[in-house]
Structure formats: structure tokens, C-alpha cells
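Below, chain A is the first sequence line, B the second, and so on; all start at residue 1. Being a predicted model, the structure only gives us computed values, none of them experimental.
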2 protein chains.
Amino acid sequence: MTGHTQRGQCAKRMSILDAAADVFCRQGFAAASIDEIAAVACVSRQTIYNHYREKETLFVAVVEDVMNRANAMLFSVLSTFPDGADDLEDGLTGFAVRLNKNCICNHDGKFLRKLVQTEGERYPHLFEGWRQQGPGKLTTALSALLARLAHNQVLVIDDFDVAARQFVALANADLQMMTLFGGTPTNEELEKAARNAVRTFLKAYGTPKAEKAGGEPQLATISG
Amino acid sequence: MTGHTQRGQCAKRMSILDAAADVFCRQGFAAASIDEIAAVACVSRQTIYNHYREKETLFVAVVEDVMNRANAMLFSVLSTFPDGADDLEDGLTGFAVRLNKNCICNHDGKFLRKLVQTEGERYPHLFEGWRQQGPGKLTTALSALLARLAHNQVLVIDDFDVAARQFVALANADLQMMTLFGGTPTNEELEKAARNAVRTFLKAYGTPKAEKAGGEPQLATISG
DNA sequence: GACGAGTTAGACAATGGCGTCTAATTTTAC
DNA sequence: GTAAAATTAGACGCCATTGTCTAACTCGTC
């Protein structure tokens, strides 16, 4: 019960949670076997039953653990949203990169979306919580951040919620298929996808104030 | 071996395929039991093993069946893409509604996306085929259709593939979450989502020629 | 060195699903 | 009506998994 023991137990718990997340995600709840989780975690089966009474308890703990990590990461990324007109395109592009890289295309993001699809019907309240804390919070927060930019007359937006969803959708447009198939985009792909998304978003919602200082003319600015 | 027997057998086969699709989709491959499929299909277990040698054979047959239906539907919807500047906004909106309603948010679309996520790793070639025939074909075909509109100077697009992906992404932006959670959008929601998507798409890529007869000027037309 | 909490390997019963087999029954073809 | 084909219900062996139990083991503390 002293420090060292606590640390040892905690390490075991985390090891089990990580291994269980891995196996549950790859196999789904039904096909995942406790023995395999124990093997991946380098832990005996009994230890798992010692920490989590049964398979379902372990599953719920895993989902909640990943959800907490993902929520914290989303909060962190949201705090990097650009707030001024200076280099708005670059600012939004960087934000889109971080959003994809750390929240949507990363391990936890893929894990949660997959689990929601496979086990969502069996644990409605669990994943309803995720929907509110994850994508729901993202849309709400992004909507408010876009409203701030619109207030500064950098953007012209009639419906902030719609614009927020569209921003996320555009940011994912080029990566959706890859992540659906389990792939992880490279930095170049992340950058390119974000740039494509932000360019289109600004063509639709940007004002002249939003253009880069010395930026080259864009398609939206062709004259004559 | 003549007509009547064929019809009877065929009915059983379809009944089994439908029931199996239902159960596989709800439970996943591992948790789905042959007994439950037999019960839903109102057929004895032995009949299933008679038509499909084993569980995996049945699963593959189900996926291929749904994929064929989905591909035919996608082909049909793609043929309704508008080809002229007349009422382009309405034309694109109707197309987006049909795309969502009949290809993406419908039963088959949700089924395939769910199955790709849950069993994609176990049957790579099966779902790689779907990716090429489904989303891949959608992007390619849409890219060509957008190029036609650009050639008619109704749109200004620098990268057709990107624009195609963005069109699909925008069309789904408002419905993604609902369909992820199993819901089915109403006609009003479909209409509204499509209109939001097309409005933004045309703000980004439309030319004056694309505007409705009495439409207001758009951001993309600023000159100087 | 001894204690004790935690861990481990392995055995164990119970469960449930898969795939096979058989005998009886229904459906279809002629 | 009869024969062939298909279907059905049920029993069966087999195997994997869950969750429990026990005896041995590890490791930090006194």
C-alpha cells in the first residue's frame, strides 16, 4: 500500500488498459479474448480479473480511459485556434493539421469511432456521453471561435454551427478514406489536406481582410 | 432443378442473406450466431449450412450482395448529376439529397461502412474492392462531372479530385453524426443539409454563370 | 530471514457456438 | 401418385472462452 506498491499496481493497470484497448479495437468486444489481452499486457489472466471484475467492466474502463484522453486532447487543440486576421490561412491550416493529427486521425480517435460503430447499440449511454463531449463539444466550441472571427470581420458566416461542421468535414475530406481503412496520414498528407480544406473554406467564408499579406492571388480573386 | 424449385431455393437464399446482413450488422461477425440468423430467416440451421458451407462463406456472400446493390444504386444516382448551368444550385442540391439518401445514409451504406470498420482488417481484399468500386468510383466519377461543369465555365476548379471529395464531405457534414449513431435523416434534414453544402460549395467554386437567375452576388466574384 | 500483498501458471467446471449427422417431413417434378 | 430433392428438428462432438480456485512465486518492508 506504500508508494512503490502503488506505482507497481498503477503500471499494471495502465498496461492492462492499453492492451485491452488494442485488442478490443482490433477484434471487437465479442471476439476479444481475455487471454489475448493478458498476453499483450504481459500479465496473467487472474490479474485482470483481480482489477476488473469481468470482461464488461474492463471494456467500460477502457472506453472511459480513452475518452478522457481524447477529451483532454481536444480541449488542448481547441485552445490553439487562431484569433486574429494575421496569417489567418496559415493559422487555420495549422489548426486543421492539429485537429486531424491529434484528435481525429490519431489512435484514440479511430478507436472511439470504431467502437461507437461496433458497440454503440450495446452501450448507448456510454457513447452518448462521448458524442456530447467529443464531436458535440467540437462543433459548439468551433462555432463560437468562428463567431469571434466573424465578429472581427475576417469571415462572413450566416450559420456558425453549419460553418463549424463544414470546417471539420472539409478538414477530413482528403483523409477520411485512409483513416477508415486503418491508415495513418503522413505529415505531408496532413498538411496538404488541411491546406485544401482551408483554401476552400476561406473561398466560401473569407473576406478580403483574411487574405495573406503578400500572398499570391487566389482563384477567388481573379479579375475580369 | 426447374423453375419452381429454383424460385423456392432462391427465396430461401435471399431470406438467409437478408437475415444474415441484419444480424452481422448488428452483432458483428464474431458475435453473430448462426442460430440467430436461422431464426430471423425463419429457416433451419442446416439449410444455411446447405447453401453456404460455413459462417465465413455466408459472410462473404452477404457483403458481396450488399456491395452489388450499393454499386448499382451509386451508378444510378451518378447518372442524375446536373450537366448544365440552368438551376445549378437546385440541380446540385437534388443530387446531394439523392447521394445521401440512397447511397450514404441508407441502410446499405451504413452497413458497409460499419462492416469495413469492424471486419476490414480480416478481409482486406473484400473491402479493398468496395473502396475502389464505392468511394473510389464516386470520387473519380464526380471529379469528371465537375470537370464538365468547369469546362462550361460554370465552376472554377483547380483540382477536380479535391473538389469532388469536398463536395461529398460537405454533403455529409450535417448528417455524419446522426448516421454514425444509427439514425436516419428525414427528408427535411436531407434537404437542409444538401442546401447548406451546395451553397458553400458554390461560394467556393461557383462563377457568376452559376448563380440563379435573380441570385445575389457571391464572394468569389469580387474583382480587383 | 520472515511476512504479506500482489502476481502467476495452471487446472477446473460451465457455457455456448460451430459444423456434422440422422431420421422424419415437406416440397417439387414428372 | 411417386420419386427425388430440399428442409427441418434435434442430437452430437469439438473447441474456445469465461470466470473461479489453488498452490507456488516475487518483491519490498520490517
B:N187/B:K101 under side-chain hydrogen bond (donor to acceptor under 3.5 Å, both in side chains): CA gap, chis, key distance, verdict: CA-CA 9 Å; B:N187 281 343; B:K101 182 171 192 167; 2.9 Å; yes
Side chain to side chain contact (heavy atoms under 4.5 Å, CB included) between A:V43 and A:I16, worked out: CA-CA 8 Å; A:V43 149; A:I16 293 172; 4.2 Å; yes
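Checked by atom type, the side-chain pair A:Q166/B:R199 shows no donor-acceptor distance below 3.5 Å. Of the N and O atoms on the side chains of A:S76 and A:S79, not one donor lies less than 3.5 Å from an acceptor on the other residue. Between A:N196 and B:D159, the side chains place no donor N or O within less than 3.5 Å of an acceptor N or O (distance only, hydrogens not considered). Checked by atom type, the side-chain pair B:T140/B:S143 shows no donor-acceptor distance below 3.5 Å.
Contacts classified as ring-ring contact (aromatic ring centres under 6.0 Å, His included) and involving residues 177-199 of chain B (residues at least two apart or in different chains) are not found.
Spacing between atom OH of A:Y49 and atom P of C:dT7 amounts to 16 Å, rounded to whole angstrom units. In this structure, A:R45 places its CZ atom 10 Å from P of C:dA9, rounding to the nearest Å.
Ring pair B:F59/B:F24 is perpendicular by interplanar angle, where above 60° counts as perpendicular and below 30° as parallel.
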Are there any protein N/O atoms within less than 3.5 Å of an N/O atom in nucleotides 21-23 of chain C, and if so, which ones and at what distance?
from: C:dC21; atom 1: N4; to: B:Q46; atom 2: OE1; distance (Å): 2.7

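Proximity of A:N50 to the phosphate of C:dG6: no side-chain N or O atom is located under 4.0 Å from OP1 or OP2.
Qualifying ring pair (Phe, Tyr, Trp, His ring centres under 6.0 Å) partners for A:F81, counting only residues two or more places apart in sequence or in other chains: A:F95. In terms of the side-chain hydrogen bond (donor to acceptor under 3.5 Å, both in side chains) criterion, A:Q117 has no residue partners (sequence neighbours excluded).
Residues from residues 51-63 of chain A placing a heavy atom under 4.0 Å of any atom in DNA chain D, listed by number, are A:E54, A:K55. Annotation: proximity of residues 23-41 of chain A to DNA chain D (heavy atom, distance under 4.0 Å) is found for A:A32, A:S33, A:I34, numbered in ascending order.
Across C:dT7, D:dG10, D:dT7, the shortest atom-to-atom separation from the side chain of B:K12 is found for D:dT7. For B:T47, the side-chain atoms get nearest to D:dT8 when compared with the rest of D:dT8, C:dA9, D:dG10.
Each of B:Y205, B:F160, B:F201 was evaluated against B:F167; a single residue qualifies, B:F201, per the ring pair (Phe, Tyr, Trp, His ring centres under 6.0 Å) test.
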